[in-house]
Amino acid sequence: MKTSFKAVIITIAVVVLLAIAAIAYAMNQQAQKPAGGGETVRPDSHVLDDAGADGVTVVEFLDFECPSCVRFFPIVEDLREKHAGDITYVVRYFPLPGHINSTQAALAAEAAAQQDRFEDMYRTLFETQQQWAGQQTETPAVFRELAVGLGLDMAAYDEAIADPATLDRILSDKADGEALGVRSTPSFFIDGELLELTAWGDLESAIDKALRR
């Protein structure tokens, strides 16, 4: 009987400890979640094409160093041309920690955006990705040369790069993406709904479906 009673006490103690551990884990996970819900589009989001209130809104969360993003780039450009006037296309930043230059590239794009040259830098970054991706350390000088090549005001560019608000702007995009469930790039939202990509043609199919609604 004593042995049985001891076993019961031990079992109860183990169950209590496991319950405490589970509660602590759940609280920790909850603390790591972004407060509030994310927005797919904000007033300061970069809109490449605006189809107005009746258009289908496509939002891409991207990382300029992401290999899949650069593969999707020509697909996206074709779809933008094909559906010109019918879709609003929005680009948002989502630099991934495994890509050393992804934040530097986003800073370059945001600095260009402050001179109304976002789309020019957006195209240039994807077109030159092989020249600067995969580095072991950040190479901000490379992106500065790209800015020079675009004819940007370099004093204003340097000021924007040095301004903490420029990085904050990028991180606010990423925070929205995380709150919306973005975990990889590219991630696309069609009229606010996250698209699950399983094949290269899924984006076009989803846009075509949305346009038929």
Side-chain angles (χ1 to χ4, degrees), residues 38-96 99 101-103 105-133 143 146 149-150 169-170 172-213:
E39 299 289 337
T40 53
V41 182
R42 291 189 183 273
D44 63 351
S45 294
H46 298 304
V47 180
L48 302 187
D49 304 305
D50 190 349
D54 295 330
V56 169
T57 300
V58 183
V59 180
E60 179 183 4
F61 282 84
L62 59 77
D63 175 338
F64 287 109
E65 194 171 355
C66 163
S68 294
C69 291
V70 80
R71 292 190 190 103
F72 260 102
F73 173 62
I75 296 173
V76 166
E77 293 301 283
D78 286 345
L79 290 173
R80 288 178 58 200
E81 182 177 357
K82 177 181 177 181
H83 297 297
D86 293 323
I87 65 172
T88 294
Y89 203 87
V90 182
V91 173
R92 304 197 66 184
Y93 306 112
F94 200 84
L96 296 169
H99 296 150
N101 263 327
S102 58
T103 298
L107 284 169
E110 187 57 25
Q114 293 180 26
Q115 299 185 41
D116 296 322
R117 299 291 299 279
F118 173 81
E119 186 166 359
D120 292 332
M121 184 61 81
Y122 157 85
R123 292 177 183 274
T124 299
L125 288 169
F126 280 134
E127 290 167 355
T128 63
Q129 190 197 77
Q130 288 188 340
Q131 299 174 24
W132 52 264
F143 302 104
L146 295 178
L150 289 175
R169 168 68 183 76
I170 293 162
S172 70
D173 267 11
K174 188 170 186 182
D176 263 347
E178 289 172 342
L180 290 164
V182 174
R183 297 294 178 265
S184 61
T185 55
S187 284
F188 296 95
F189 288 79
I190 310 293
D191 285 340
E193 295 184 11
L194 179 60
L195 173 63
E196 183 178 348
L197 292 172
T198 58
W200 293 106
D202 287 348
L203 177 59
E204 182 171 14
S205 297
I207 292 173
D208 288 341
K209 181 179 179 182
L211 288 170
R212 291 194 298 267
R213 290 174 186 164

Ignoring hydrogens and angles, write down the donor-acceptor pairs under 3.5 Å from the side chains of residues 77-84, residues two or more places apart or on other chains.
residue	atom	partner	partner atom	Å
E77	OE1	R123	NH1	2.6
E77	OE1	R123	NH2	3.0
E77	OE2	R80	NH1	3.0
R80	NE	D49	OD2	2.5
R80	NH1	E119	OE2	3.1
R80	NH2	D49	OD1	3.1
R80	NH2	D49	OD2	3.3
R80	NH2	E119	OE2	2.9
K82	NZ	E204	OE2	2.6
H83	NE2	D208	OD1	3.3

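Using modelled atom types, one side-chain atom of D63 and one backbone atom of L96 make a donor-acceptor pair closer than 3.5 Å. Under a 3.5 Å cut-off, the side chain of R92 and the backbone N or O of D176 do not form any donor-acceptor pair.
Residues D202 and T198 bring a donor and an acceptor atom of their side chains to less than 3.5 Å of each other.
In this structure, E127 has no salt bridge (Lys or Arg N to Asp or Glu O under 4.0 Å) partners at least two apart in sequence or on a different chain. When the side chain to side chain contact (heavy atoms under 4.5 Å, CB included) test is applied to R213, the partners found at least two apart in sequence or on another chain are D191, A210. Scored by the side chain to side chain contact (heavy atoms under 4.5 Å, CB included) test, S68 finds C66, R71, P186 as partners (sequence neighbours excluded).
Applying the ring pair (Phe, Tyr, Trp, His ring centres under 6.0 Å) test to pairs two or more places apart or on separate chains, those with a residue in residues 194-213 are F72-W200. Applying the ring pair (Phe, Tyr, Trp, His ring centres under 6.0 Å) rule to pairs touching residues 39-61 yields H46-Y93, H46-F118, F61-F189, sequence neighbours excluded.
F64 and F73 have their aromatic ring centers separated by at least 6.0 angstrom.
V76 is listed as a side-chain neighbour of L203, based on a closest heavy-atom distance under 4.5 Å. By the 4.5 Å heavy-atom criterion applied to side chains, T40 and L194 are not counted as neighbours.
Interatomic distance, N101 CG to Q131 CD, rounded to the nearest 0.5 Å: 12.0 Å. Taking CD of E39 as the reference point, atom OG of S45 lies at 9.5 Å (rounded to 0.5 Å). Note that the CG atom of L180 and the OG atom of S187 stand 10.0 Å from one another [nearest 0.5 Å]. To the nearest 0.5 Å, atoms NZ (K174) and OG (S102) are separated by 7.0 Å. Here the OH atom belonging to Y89 is positioned 3.5 Å from the CD atom belonging to E60, to the nearest 0.5 angstrom. Atom CZ of F143 and atom OG1 of T128 lie 7.5 Å apart (nearest 0.5 Å).
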Dump the intermediate steps for side chain to side chain contact (heavy atoms under 4.5 Å, CB included) on F126 and L62, then the final yes or no.
CA-CA 11 Å; F126 280 134; L62 59 77; 4.2 Å; yes
Please report the C-alpha distance between V56 and D86 in whole Å, then the side-chain angles of each, then the deciding distance to 0.1 Å, and finally whether the side chain to side chain contact (heavy atoms under 4.5 Å, CB included) criterion is met.
CA-CA 6 Å; V56 169; D86 293 323; over 6 Å; no
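When the shell of 6.0 Å around CG of D54 is examined, it contains 12 or fewer heavy atoms from other residues, nucleotides or ligands.
For the residue pair A109 and L125, the shortest heavy atom distance occurs at CB-CD1, 4.0 Å. Looking at every heavy atom in both residues, A51 comes nearest to G85 through CB-O, 3.5 Å.
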